[in-house]
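Note that the structure is a prediction, hence the values are computed from the model and not measured. Every number for a ligand or one of its atoms is a count from 1 in the order of the listing. What's counted below: heavy atoms across the whole structure, side chains too, no hydrogens, waters or symmetry copies.
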Amino acid sequence: MKYPLIAPSVLAADFANLQREVEMLNDSPADWIHVDVMDGVFVPNISFGLPVCEAIHRHARKPLDVHLMIMQPERYLEAFAKAGAASLTVHLEASPHLHRTLSQIRELGCRAGVALNPHTPVWLLENVLHQLDLVLLMSVNPGFGGQEFIEQTYRKTTELRRMLQSAGSAALIEIDGGVSNQNAGALVEAGATVLVAGSSVFKADSPAEAIGQLKSAGRQPVA
Ligand code: DX5
Ligand code: ZN
């Protein structure tokens, strides 16, 4: 697989024209479609839920990368798997029984992911490393698109990369929040393999071109 994978976040799309936006992503160099589910409790914002995920899945020709920003996500794993999720990522901070939750995700046939808020240290993953297909590092505080990238994420990415390597884990490292051409190269150099991008894709004049540029920015060695 050629890294980085690019996962545009539909949170920044035009919700009134979701089918058109998904078709644009189908025809673009995007690898996954990132779907941000927010409950207004774990995060201050409410985005959308199952029916919208299903609707996206109906038109998508790329895997749905579902990021659950909800409390006790274990209550909805099966429903989101049925709604078309290829990856299911839960927040460590919202999952009281993370070990069981990750087993359930794999049993459902989905890629199992854990997301960490900016303040959450990577070593907290130590006891579940063997259960992980993906780790999502939040590079903004979750809840909203269009926020400024937190620079500390580079160090955290390097630390996570080392931790996965020494455990022999092939888990992907996904960075979410404030990702653009400005930081894509350095993120990949630090060890990121998946880049989520909302505003930098959907606010661009040509979102499809912006996705292509992010992919190549991530492949250029950083000077
Ligand atoms: C934030 C979401 C992100 C968001 C990223 O809570 O998890 O996926 O859509 O948007 P940008 O790229 O605009 O920061
Ligand atoms: Zn997200």
- How long is the gap from OG on Ser87 to CZ on Phe80, to the nearest 0.5 Å? 13.5 Å
- Does Gly143 offer a backbone N or O that forms a donor-acceptor pair with the side chain of Asn45 under 3.5 Å? yes
- Taking the Zn ion (ligand 2) as the center, what protein N, O or S atoms are found at less than 2.8 Å? His34 NE2, Asp36 OD1, His67 ND1, Asp176 OD2
- Item | Gap between atom CG of Leu50 and atom OH of Tyr76 - 0.5 Å precision | 8.0 Å
- Query: Is a side-chain donor or acceptor of Thr89 paired with a backbone partner of Ala115 at a separation under 3.5 angstrom?
  - Reply: no
- Message: Less than 4.0 angstrom from a charged side-chain N to a carboxylate O is my criterion; do Arg111 and Asp65 meet it?
- Response: no
- Message: Return the CD to CZ distance between Gln131 and Arg100, rounded to the nearest 0.5 Å.
- Response: 11.5 Å
- Determine the minimum heavy-atom distance between Leu11 and Gly145, stating which atoms define it. CD2-N, 4.0 Å
- Message: Show the nearest heavy-atom pair for residues Met138 and Asp176, with the distance to one decimal.
- Response: CE-O, 3.4 Å
- Item | Ring geometry between His130 and His99 (parallel below 30°, tilted from 30 to 60°, perpendicular above 60°) | tilted
- Taking any residue with a non-hydrogen atom under 4.0 angstrom from an atom of ligand 1, which ones do you get? Ser9, Leu11, His34, Asp36, Met38, His67, Met69, Met138, Pro142, Gly143, Phe144, Gly145, Gly146, Asp176, Gly177, Gly178, Val196, Ala197, Gly198, Ser199
